[in-house]
Amino acid sequence: MAGITILGGMVYVGTSLKARSGSTDPCLIDPSLSVARSGDYTERQTNYWPSYSDISAAARRSYLNWLADGRKDPEADVGFVFLFFYGLERRAIIDANKDDAARADLPAIAAELRRLLNIYGETSHSFRRYAAELLDWVSLVEHPSRLYTLPVPEFPRTFELPLYMRLALGQAAVDGAPVPAHLAIAWARLEPTIYLRTPATRCVAEFEKLFAEQYRAKFGDGMVLKRNRTKLKMVYRAASSGFPASEELRLTFKDTPDVTALTGPVNTLKELVEAATQPLESYSRFMGRNADGGASLEGLLLLPATLWPNSVQRALADLRASMSEGAVALKFNELLATLGAKTTFTKERTLALARALESVNLGFEPDVLQGAKVPKPEDVVAVFVLPTAEAASRKDSAYLAASLTLELASAVASADGQFGFEEAEHLRSTVSNWKHLTGTQVQRLLAHLRLLRQAPASLTALKKRLEPLPVETRETIATFMAAVAQSDGDVSPAEMKMLEKVYKALGVEPKKVFSDVHAAASGAPAAEAVPAKAGVTTGFKLDPARIAALQQDTERVSAMLANIFKEAEEAIPPVVVPAAELEEDDATSSTGTEPGLLGLDEAHSALARMMLSRTQWSREELLDVAADLDLMLDGALERINEAAFDAHDTPLFEGDDPVTVNADILEKVEP
């Protein structure tokens, strides 16, 4: 054409092509018309309804240059985009209705429309609306049943839900079938009244996985939609002047309901969107500063653990499988290597790791989330299974008292330089049988005991926590510690010295150590040696009666200590994100809701959006829509028109029956 090679086809070329309006179709490229030597398609050279035969020779050169360059420059005059679009519109609506070859072009036309929308959809709201409607038409001319079971094609987000989506949802309502998760996600993404915050648009895969988890948790196989009164139909508004202005192009779908007239399901989607967005806020901010750091452990720790990659998930599964006794102890750097850490772990990252493990019911000791010292790489840590999700179980006074009791006991038990099996077994058995603690608390204490065997608590560090206790409580604790020291049937000189220090720290007369140890030993032996047999390692047997007595004493001590902590308990302060770190939309909105159309409330906004989907409505049709929205039609119409006058100084519609939508307002109310 005029010395220019145009690849890709999808244009009409010739000297004659009649439009339905009777004139030459505006899309036709007529080789007999003059073409200038040069033309810049980024300059505005077309009017609102361009036609190739009517534009200037320079504009024709510009249009041909745009076609030859691949129809992809976002700076191009949108009039040239419309000229090309008119040809797609004619092919899909007129030719495909009577020509098998044209009908076979529909998938290619749909693909081209999506490509153009990605380039020009944000440049021109007018093009986005027309192209989206033609994409709906192309997608639904030969629509199958049970669309809700199929993958959802790509659609642009406009002021109304794509007709394809509305048909798929309507078919599900007719069949009484649950809306599958993939369709619900697409609905949430394309629903014009749902506002997607930055985490949902930046972290797409993570958002969709969290949304699906929330959706299945709430609905199982899916939400079942009510079969409402509003019927689904499509009235296509042609962009090309080659179609008569009065011609209505319709697609009908029998008795399929338009479920977008219902506000209840959309409100549920809004709640699920926000529930899936909030957990991604920190990760989204991290990704905003580190675009390539999403796969690093530093980044993964900002995600819910269920979203971690398969390699880390397998490592967690292997770790859980190794917990035959409820906990596994290993060096901290070994744990990090198992999870694929590549960077130095700061306090903040260690806290994040502990939170992430808890989210998949794995506990971490030392309890850094409650103020314990952050372990060094070579320190031993313990990971254990949390039986139940008891988030506050280690904050109450009973647990704090039990933890202090265990730490004191470890200091005494290790006083002779060896935290022996008998002493450890006695403490393990005692903790396991504490009736006043929950299963999660017991498991955490047992994991803590694993660490105390390697690094017993320091009496000096515990002293400050003991000073406020009443005299009677301190004396009871002292007696219990004497029983712990005697639990292995022998109290060494080193243990006697440690007990004296404990008594002194408790403010109890150190001389009482001897009498308390003697009293503890005066009962039945704490343990009896089992004679060794050939090839059998010597075992150890605890006396049940003695254990029961010590258990009773321990619970009494813990109950006393619990009272001390009740007044000292403080809630962990909430994490406050500095305003400078908030995403722009996070700082202004967390509702997940798009502002109402024309400033209207939810129901009136839904009615206005529904009306904008067609140029004309019968009163009977609008009565059905209003009934689905629980609105009185006349009052609702009056309120919508008042809002349109206030916002744009023009009505949204005119007439009573039929009601005609004002075409001039379409450009003004689009997002």
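By convention here, the first residue in the shown sequence is residue 1. Not measured: the values here are computed from a predicted model.
Without hydrogens or angle criteria, R202 side chain to S284 main chain gives a donor-acceptor distance under 3.5 Å. Remark: the backbone N or O of L150 is paired with a side-chain donor or acceptor of H182 at under 3.5 angstrom. Under a 3.5 Å cut-off, the side chain of Q171 and the backbone N or O of L147 do form a donor-acceptor pair.
Put simply, CD1 on I640 and CG on L631 are 7.5 Å apart, with the number rounded to the nearest 0.5 Å. Rounded to the nearest 0.5 Å, atoms CG (L116) and CZ (F127) are 4.5 Å apart.
Between the side chains of S21 and S23, a donor-acceptor pair is found at a separation under 3.5 Å. E160 and T158 are not linked by any side-chain donor-acceptor pair at a separation below 3.5 angstrom, with hydrogens and angles left out of the test. The closest side-chain donor-acceptor pair between T660 and E654, if any, does not fall under 3.5 angstrom.
More than 12 heavy atoms of other residues, nucleotides or ligands sit less than 6.0 Å from atom CZ of R44. Enclosure of atom CG in D69 by more than 12 non-hydrogen atoms of other residues, nucleotides or ligands within 6.0 angstrom is indicated. Other residues, nucleotides and ligands contribute only 12 or fewer heavy atoms inside 6.0 Å of the CG atom of D656.
At a threshold of 4.0 Å, the pair E621-K231 does not count as salt-bridged, since none of the basic side-chain nitrogens sits closer than that to a carboxylate oxygen. By the 4.0 Å N-to-carboxylate-O rule, E206 lies too far from K209 to be salt-bridged with it. Salt bridge status for R197 with E274: present, with a side-chain N to carboxylate O gap under 4.0 Å. Taking 4.0 Å as the cut-off between side-chain N and carboxylate O, D54 and R60 do not count as a salt-bridged pair.
With a 4.5 Å cut-off on side-chain heavy atoms, F82 and S126 count as touching. Here the side chains of T149 and P180 are not in contact, with every heavy-atom distance at 4.5 Å or above. Considering only heavy atoms from C-beta on, V13 comes within 4.5 Å of M1 through its side chain.
Qualifying salt bridge (charged side-chain N to carboxylate O under 4.0 Å, His left out) partners for E133, counting only residues two or more places apart in sequence or in other chains: R237. Residues passing the ring-ring contact (aromatic ring centres under 6.0 Å, His included) test with F243, sequence neighbours excluded: none. Among residues two or more places apart in sequence or in another chain, the ring-ring contact (aromatic ring centres under 6.0 Å, His included) test is passed with Y120 by none. Listed by chain and residue number, nothing satisfies the salt bridge (charged side-chain N to carboxylate O under 4.0 Å, His left out) test with R216 (two or more places apart in sequence, or in another chain). Residues satisfying the salt bridge (charged side-chain N to carboxylate O under 4.0 Å, His left out) test with E213, not counting sequence neighbours, are none. In this structure, R114 has no salt bridge (charged side-chain N to carboxylate O under 4.0 Å, His left out) partners at least two apart in sequence or on a different chain.
Judged as a side chain to side chain donor-acceptor pair (under 3.5 Å), the pairs with a partner in residues 254-268 (not counting sequence neighbours) are, in order, R166-D258, D258-T260, N267-E602. Applying the ring-ring contact (aromatic ring centres under 6.0 Å, His included) rule to pairs touching residues 219-240 yields W137-Y236, Y215-F219, sequence neighbours excluded. The salt bridge (charged side-chain N to carboxylate O under 4.0 Å, His left out) analysis of residues 167-190, with sequence neighbours excluded, yields the pairs R189-E208. For residues 23-35, the set of pairs meeting the salt bridge (charged side-chain N to carboxylate O under 4.0 Å, His left out) definition, not counting sequence neighbours, comprises D25-R90. Sorted by first and then second residue, the pairs that involve residues 96-111 and meet salt bridge (charged side-chain N to carboxylate O under 4.0 Å, His left out), not counting sequence neighbours, are R91-D105, D100-R103, R103-E142. Screening residues 7-19 for side chain to side chain donor-acceptor pair (under 3.5 Å) gives Y12-D95 as the qualifying pairs, with residues at least two apart or on separate chains.
Using cut-offs of 30° and 60° on the angle between ring planes, the pair F286 and Y283 is parallel. Between F84 and W66, the two ring planes are perpendicular [angle over 60°; tilted spans 30° to 60°].
The aromatic ring centres of Y41 and Y63 sit 6.0 Å or more apart.
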